Amino acid sequence: MDLFEAVARRRSFGRLHPPAPDDHQLRQILQAAACAPDHGGLRPFRFTILRGENLAAFGRVLEQAYLDRCADSGTDPVPAKADKERTKLGRAPLVVVVSAVRSPSATIRWEEQVAACAAAAQNALLAATALGFGSMWRTGDPCYDVRVKTALGLQAEDAAVGFLYFGTPSATAELLKGPKVAHLDGLVQEWRPGRPT
Ligand SMILES: Cc1cc2nc3c(=O)[nH]c(=O)nc-3n(C[C@H](O)[C@H](O)[C@H](O)COP(=O)(O)O)c2cc1C
């Protein structure tokens, strides 16, 4: 699969099944991720692999974090929401959390460190697509919850950039989604002196 085909075929698949990338394929995916442009060579990327019984264990971390957020804000937890937090990692057989570890660099802004990690996440999704797997990038409240960051071994000032889900989509889902065709209407301008738009 060439690059343009992988770009078009990368779609968000909400449900992913075994097989997931094996150890060798996961290494290829993470090496592609770590090839992302990285201003200053700070290597801000961190990749946390969740699979097997650890998916369920981390689901309990997400559920407890939700319950704690409710307690913090004085709101009653919604049981269905707690259940979803506990079980949602089960939507794929393999999840990789991409995080950005903040460097106190005087020259490279934090936004650029996070941008490098977002580029790494996209590289990972494209590599998985090229290897024939489905994927999905998800975020949500857990990415911004210090309790979840702590469970990932991060500091409060670091960022969880995304939970990347990997596996195999159903044939029906693949047919329904199909390759993406992007429309550029309204997205592009050619700058000339005196004519900024
Ligand atoms: C930073 C980021 C966070 C995302 N978080 C979520 C999420 O929490 N839940 C979700 O359903 N999709 C999430 N997505 C996926 C987008 O919804 C998806 O890419 C979009 O709907 C376009 O569909 P496609 O990926 O099939 O092209 C996220 C995408 C990005 C880039």
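Fair warning: this is a prediction, and the values are worked out from it, not measured in the lab. If you read the sequence from its start, that first residue is 1, and numbering goes on from there. Numbering of ligands and ligand atoms starts at 1, following listing order.
Contact between Ala100 and Asp158 at its shortest, heavy atoms only, is O-CB, 3.2 Å.
For CG of Asp2, the number of neighbouring non-hydrogen atoms (other residues, nucleotides, ligands) closer than 6.0 Å is greater than 12. A 6.0 Å sphere centred on NZ of Lys84 holds no more than 12 heavy atoms belonging to other residues, nucleotides or ligands.
Two residues are said to be in side-chain contact when any heavy atoms from C-beta on lie closer than 4.5 Å; Arg91 and Met136 fail this criterion.
The pair Arg69-Asp72 does not count as a salt bridge, with every side-chain nitrogen at least 4.0 angstrom from each carboxylate oxygen.
Among protein heavy atoms, atom 23 (O) of ligand 1 sits closest to Ser12 OG, 3.9 Å. The protein atom (non-hydrogen) at minimum distance from atom 10 (C) of ligand 1 is Met136 CE, 3.4 Å. In terms of protein heavy atoms, atom 27 (O) of ligand 1 is closest to Lys180 NZ, 2.4 Å.
Ranked by closest heavy atom to atom 2 (C) of ligand 1, the top entry among Tyr165, Phe163, Trp137 is Trp137. Which of Thr139, Leu125, Val98, Asp141 comes nearest to atom 3 (C) of ligand 1 through a heavy atom is settled by distance: it is Thr139. Comparing Lys88, Arg138, Arg11 against atom 9 (N) of ligand 1, the shortest heavy-atom distance belongs to Arg138.
Within a 4.0 Å radius of atom 25 (O) of ligand 1, the protein has at least one heavy atom. The presence of a protein heavy atom under 4.0 Å from atom 18 (C) of ligand 1 is confirmed. Distances from atom 21 (O) of ligand 1 to the protein include no heavy-atom value under 4.0 Å.
Looking at Tyr66, its side chain does come within 3.5 Å of a backbone N or O of Val78 through a donor-acceptor pair.
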